[in-house]
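Residue numbering restarts at 1 for every chain, and letters A, B, ... go by the order of the sequence lines.
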Number of protein chains: 2
Amino acid sequence: MAVTETTTAETEGDLKVALKALASDKRLKILDWLKDVKTNFPPQEHGNQVTEGACNLFIVEKLGVSQPTGSRHLKVLVDAGLVVATRRKGWTYYRRNEDALTAVAEQMRGI
Amino acid sequence: MAVTETTTAETEGDLKVALKALASDKRLKILDWLKDVKTNFPPQEHGNQVTEGACNLFIVEKLGVSQPTGSRHLKVLVDAGLVVATRRKGWTYYRRNEDALTAVAEQMRGI
DNA sequence: TGTCGACATAGCGTGTTTGCTATGTCGACA
DNA sequence: TGTCGACATAGCAAACACGCTATGTCGACA
């Protein structure tokens, strides 16, 4: 099948890393869009929008940047553990890591 | 008397600005130290540690950086509205802006 | 095997951050 | 008025972030 899921940081990761990943307009937008993939992105014939997330190309297009730039923003989020990448067939899907995001929000209460 | 309080951003400020200010080991440390000025810093004969906060020099020394570098880190926090600076006599005191910090934490819950 | 579509990586120019030293400002006090 | 202590600002170099174009990789399909 060749399905690969990528998550670098743990749920209770380094707060600084998460904050650096979040301190960007475009990455905040991506996270917001991923809250509701179905309404924020065109339909995908290939991957399940709900379980797997949004296709890389759609995110890049909506961001209004070049494909490599968009991919790098997504990589920052993945490396921080805030987003999960699912690679299948030719496409890569991205979805929110809700556990990590709520963990960060929880840590922020003790800031 | 010549007492000046400085707060640039509002309580419900730009989340990105707050996150950028927070995405730094040293600034996170400062905020943590300011939670308990009395135990984290030497006694001050001049300013009230509880109501006014910690003296600039003590923070700089504890940070282990030069005085201008420390001052700039503090300025970033002040500009983001997360810390309040009180200038009196020759000294400048810094204390946490709890309202702003809890506001940021609250916003993070909707991230 | 060859090509094509979807990303990922490399490399580069530019702007921002972070450290420093040097210097300016400003109130207190001799 | 002059000096000193406590910051703030200016200016500079190194490191990092972010945009792009060019190119590599890799699975699907002819």
Side-chain angles (χ1 to χ4, degrees), chain A residues 1-6 8 16-30 41-42 44-47 52-80 83-95, chain B residues 1-6 8 16-30 41-42 44-47 52-80 83-95:
Chain A
M1 248 319 183
V3 176
T4 316
E5 288 219 349
T6 312
T8 303
K16 192 198 79 176
V17 173
L19 290 174
K20 282 180 91 76
L22 291 170
S24 150
D25 277 332
K26 297 195 173 163
R27 292 194 288 271
L28 285 175
K29 277 185 187 175
I30 292 174
F41 297 99
Q44 300 162 181
E45 321 77 56
H46 31 87
E52 299 184 306
C55 171
N56 181 306
L57 276 190
F58 291 159
I59 300 174
V60 165
E61 187 184 357
K62 191 155 185 166
L63 261 189
V65 296
S66 69
Q67 177 262 318
T69 297
S71 278
R72 193 168 45 186
H73 278 299
L74 286 161
K75 181 171 163 46
V76 171
L77 289 170
V78 169
D79 286 349
V83 159
V84 180
T86 307
R87 193 111 216 257
R88 194 163 56 80
K89 297 186 75 171
W91 297 277
T92 306
Y93 310 101
Y94 293 93
R95 68 171 189 272
Chain B
M1 249 320 181
V3 175
T4 317
E5 289 221 347
T6 313
T8 304
K16 193 197 77 176
V17 173
L19 290 174
K20 282 180 91 75
L22 291 170
S24 151
D25 275 332
K26 299 195 172 161
R27 291 193 289 269
L28 285 175
K29 278 185 186 175
I30 292 174
F41 296 99
Q44 299 162 180
E45 323 76 58
H46 29 88
E52 299 185 305
C55 170
N56 181 306
L57 275 189
F58 291 160
I59 301 175
V60 165
E61 187 184 358
K62 192 156 186 166
L63 260 188
V65 296
S66 69
Q67 176 262 317
T69 298
S71 277
R72 193 170 41 188
H73 278 299
L74 286 160
K75 182 171 163 45
V76 171
L77 289 169
V78 169
D79 286 349
V83 159
V84 180
T86 308
R87 195 110 215 258
R88 194 163 55 81
K89 297 186 72 173
W91 298 277
T92 306
Y93 310 100
Y94 293 93
R95 67 172 190 272

For this session: Report yes if at least one side-chain N or O of R88(B) is closer than 4.0 Å to OP1 or OP2 of dA6(D); otherwise report no.
Result: no

Winner on side-chain proximity to L57(B), out of dA6(C), dC7(D), dT21(D), is dC7(D)

With the side chain defined as heavy atoms from C-beta on, P68(B) is closest, among dC7(D), dT21(C), dT18(C), to dT21(C)

From CG of L19(B) across to C1' of dT17(C) the rounded distance in Å is 17 Å

Rounded to whole Å, the CD1-C1' distance (I30(B) to dT18(C)) equals 13 Å

Quick note, S24(B) side chain, CB onward, closest among dT18(C), dA6(C), dC18(D) is dT18(C)

Determine: side-chain N/O of T69(B) to OP1/OP2 of dT18(C), distance under 4.0 Å, yes or no. no

If pairing means Watson-Crick or G-U wobble with both distances under 3.5 Å, then the partner of dT18(C) is dA13(D)

Of all heavy-atom pairs linking S71(B) and N56(B), the shortest is OG-ND2, 3.3 Å

Check your understanding: Base, sugar-phosphate, or nothing for V76(B), non-hydrogen atoms under 4.0 angstrom?
Key -> nothing

Rounded to whole Å, CH2 of W91(A) lies from C1' of dG5(C) at a distance of 8 Å

Regarding the side chain of R87(B), the nearest nucleotide among dC18(D), dG19(D), dC7(D) is dC7(D)

Counting the atoms with a prime plus P, OP1 and OP2 as sugar-phosphate, which does T92(A) contact under 4.0 Å by heavy atoms, base, sugar-phosphate, or nothing? sugar-phosphate

Taken to the nearest whole Å, CG/N56(A) to P/dC7(C) is 5 Å

Taking every heavy atom of S24(B) against every heavy atom of K16(A), the minimum-distance pair comes out as N-CG, 4.0 Å

Closest heavy-atom pair, L19(B) versus L22(A), reported as atoms and distance to 0.1 Å, is CD1-O, 3.6 Å

task = Answer with base, sugar-phosphate or nothing: what part of the nucleic acid does Y94(A) contact at a heavy-atom distance below 4.0 Å?
result = sugar-phosphate

Around atom NZ of K75(A), are there more than 12 heavy atoms of other residues, nucleotides or ligands at under 6.0 Å? no

Ranking Q67(A) and K26(A) by the position along DNA chain D of their nearest nucleotide, the one closer to 5' is K26(A)

Which of dC18(D), dT21(C), dC20(D) is nearest the side chain of S66(B)? It is dT21(C)

Discussion item. Using a heavy-atom cut-off of 4.0 Å across all strands, would you classify V60(A) as base, sugar-phosphate, or nothing?
Written reply: nothing

Here the distance between atom P of dC7(D) and atom CD1 of I59(B), to the nearest Å, is 9 Å

Review point. Should the pair E52(B)-R88(B) be classified as a salt bridge under the 4.0 Å nitrogen-to-oxygen rule?
Key: yes

- If you look at every strand shown and take non-hydrogen atoms under 4.0 Å, does Y93(B) touch a base, only sugar-phosphate, or nothing? nothing

In terms of heavy-atom contacts, G70(B) and V60(B) come closest through CA-CG2, 4.0 Å

Note to self: Does dC7(D) have its OP1 or OP2 closer than 4.0 Å to a side-chain nitrogen or oxygen of S71(B)?
What the structure shows: no

Would you say H73(A) places a side-chain N or O within less than 4.0 Å of OP1 or OP2 belonging to dG19(D)?
yes

The Watson-Crick or G-U wobble partner of dG27(D), with both key distances under 3.5 Å, is dC4(C)

With the side chain defined as heavy atoms from C-beta on, R72(A) is closest, among dC18(D), dC20(C), dT9(D), to dC18(D)

Per atom distances to the K20(B) side chain, the nearest of dG19(C), dA8(D), dT17(C) is dT17(C)

DNA chain C nearest-nucleotide lookup for F58(A) and A23(B): closer to the 5′ end is F58(A)

To the nearest angstrom, the CG-P distance between D79(A) and dA8(C) comes to 12 Å

Atom CG of L77(B) and atom P of dT17(C) are separated, to the nearest Å, by 14 Å

Whole-Å distance, E52(A) CD to dA6(C) C1', equals 15 Å

Correct closest heavy-atom pair for A85(A) and Y94(A) would be CB-CE2, 3.5 Å

